[in-house]
Undergrad: 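Before I ask anything, let me first share the structure, which is written out below as structure tokens.
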Amino acid sequence: MRFWLWETASMEWVVPLVGGLGLGSLLKTVIDHFNSRRAVTKDRLYQEKREAYIGLLGALHKAAIQHSNENSKEYALWQTRCQLFGSSEVSRFAQAILDTNDGPRDERDAAFHGLIETMRKDLQRSA
């Protein structure tokens, strides 16, 4: 009789403990899965943004060295990718470079430095 009473009393806390551990483990697995997916998505967005910014700078370099329709179209393509993946400030400065192309050099230099600075800040925020 005494053994049965101890067995019943221990089962009252053992079963919920084992069940709780299983539920906690399952909950932790689900949370870890969502955190992992969020980290992968964040990394993918960072990589897309970085690639778009580097591509824009490369296209800007090509257009500065050799003026052509092909280079202008390439800059427009990278500018569009920056609008898609980058910040609005980067898009604004990328457009300012085009708008100041025939204007005073000081304005164009300010647009370029603003572009570089906003790219740097945007990538640091995304990392």
Side-chain angles (χ1 to χ4, degrees):
M1 177 83 168
R2 196 171 210 184
F3 178 72
W4 178 80
L5 183 62
W6 181 83
E7 186 178 303
T8 305
S10 66
M11 292 306 267
E12 288 178 8
W13 65 270
V14 170
V15 171
L17 178 66
V18 171
L21 290 176
L23 185 62
S25 176
L26 179 64
L27 185 60
K28 182 185 180 320
T29 302
V30 169
I31 290 171
D32 288 346
H33 172 72
F34 283 113
N35 284 339
S36 174
R37 287 187 65 187
R38 185 173 52 202
V40 167
T41 301
K42 184 179 177 183
D43 184 55
R44 186 180 313 137
L45 180 61
Y46 174 82
Q47 293 300 329
E48 288 287 349
K49 191 179 289 191
R50 182 177 177 270
E51 182 182 330
Y53 291 171
I54 290 172
L56 183 74
L57 293 174
L60 180 62
H61 175 73
K62 285 170 95 175
I65 291 175
Q66 181 182 18
H67 300 289
S68 70
N69 279 341
E70 182 180 327
N71 289 340
S72 296
K73 288 176 184 178
E74 185 176 353
Y75 182 82
L77 172 68
W78 286 107
Q79 186 180 12
T80 302
R81 286 191 70 176
C82 287
Q83 289 172 344
L84 183 61
F85 294 109
S87 69
S88 59
E89 293 88 14
V90 170
S91 296
R92 186 171 52 87
F93 280 112
Q95 184 60 44
I97 287 176
L98 289 178
D99 295 342
T100 60
N101 197 28
D102 295 328
R105 184 162 179 87
D106 292 343
E107 290 179 10
R108 191 169 53 252
D109 287 345
F112 178 75
H113 291 297
L115 177 69
I116 296 297
E117 189 60 31
T118 55
M119 284 179 173
R120 181 179 295 121
K121 286 179 182 176
D122 194 27
L123 289 173
Q124 287 172 349
R125 276 192 308 257
S126 299

Undergrad: What's the spacing between W78 CH2 and L60 CG if we round to 0.5 Å?
TA: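 One gets 13.5 Å once the value is rounded to the nearest 0.5 Å.
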Undergrad: Can you name the side-chain contact (heavy atoms from CB on, under 4.5 Å) partners of K73, sequence neighbours left out?
TA: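 Here no residue qualifies.
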Undergrad: Between atom CD1 of I116 and atom NZ of K121, what is the distance when rounded to the nearest 0.5 Å?
TA: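 These two atoms lie 13.0 Å from each other.
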Undergrad: For residues 54-69, which residue pairs pass the salt bridge (Lys or Arg N to Asp or Glu O under 4.0 Å) check, not counting sequence neighbours?
TA: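 Counting only pairs at least two positions apart or across chains, the salt bridge (Lys or Arg N to Asp or Glu O under 4.0 Å) contacts touching residues 54-69 are K62-E74.
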Undergrad: Would you mind reporting whether D122 and Y53 have side-chain heavy atoms less than 4.5 Å apart?
TA: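 Answer yes - side chains close enough.
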Undergrad: Does any pair with a residue in residues 78-87 pass salt bridge (Lys or Arg N to Asp or Glu O under 4.0 Å), and if so which ones, sequence neighbours excluded?
TA: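 Every pair satisfying salt bridge (Lys or Arg N to Asp or Glu O under 4.0 Å) with a residue in residues 78-87: E48-R81, E51-R81.
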Undergrad: Side-chain donor-acceptor contacts of residues 86-100 below 3.5 Å, not counting sequence neighbours, with atom names and distances?
TA:
from : atom 1 : to  : atom 2 : distance (Å)
S87  : OG     : E89 : OE1    : 3.3
S87  : OG     : V90 : N      : 3.3
S91  : OG     : S87 : O      : 3.4
Q95  : OE1    : Q79 : NE2    : 3.0
Q95  : NE2    : D99 : OD1    : 3.0
T100 : OG1    : A96 : O      : 2.8
T100 : OG1    : I97 : O      : 3.4

Undergrad: If you count every heavy atom of other residues, nucleotides or ligands that lies below 6.0 Å from R108 atom CZ, does the total exceed 12?
TA: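 Enclosed.
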Undergrad: Drop me the distance from D32's CG to S36's OG, to the nearest 0.5 angstrom.
TA: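 With rounding to 0.5 Å, CG (D32) is 8.5 Å from OG (S36).
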Undergrad: Are F112 and Y75 linked, directly or through intermediate hydrophobic residues, by side-chain heavy-atom contacts shorter than 4.5 Å (ILVMFWY only)?
TA: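 Cluster IDs for Y75 and F112 match.
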Undergrad: Is there a side-chain contact between Q124 and R120 in this structure, where contact means two heavy atoms from C-beta onward sitting under 4.5 Å apart?
TA: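 Yes. Closest side-chain heavy atoms under 4.5 Å.
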Undergrad: Identify, with sequence neighbours excluded, every residue that meets side chain to side chain donor-acceptor pair (under 3.5 Å) alongside S68.
TA: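 Result, side chain to side chain donor-acceptor pair (under 3.5 Å) vs S68: N71.
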Undergrad: Does M119 belong to the same Ile/Leu/Val/Met/Phe/Trp/Tyr cluster as L84, with side-chain heavy atoms less than 4.5 Å apart forming each link?
TA: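 In one cluster with M119: L84, no.
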Undergrad: Give every donor-acceptor pair under 3.5 Å between a side-chain atom in residues 38-47 and any protein atom, sequence neighbours left out.
TA:
from : atom 1 : to  : atom 2 : distance (Å)
R38  : NH2    : N35 : OD1    : 2.8
T41  : OG1    : R37 : O      : 2.9

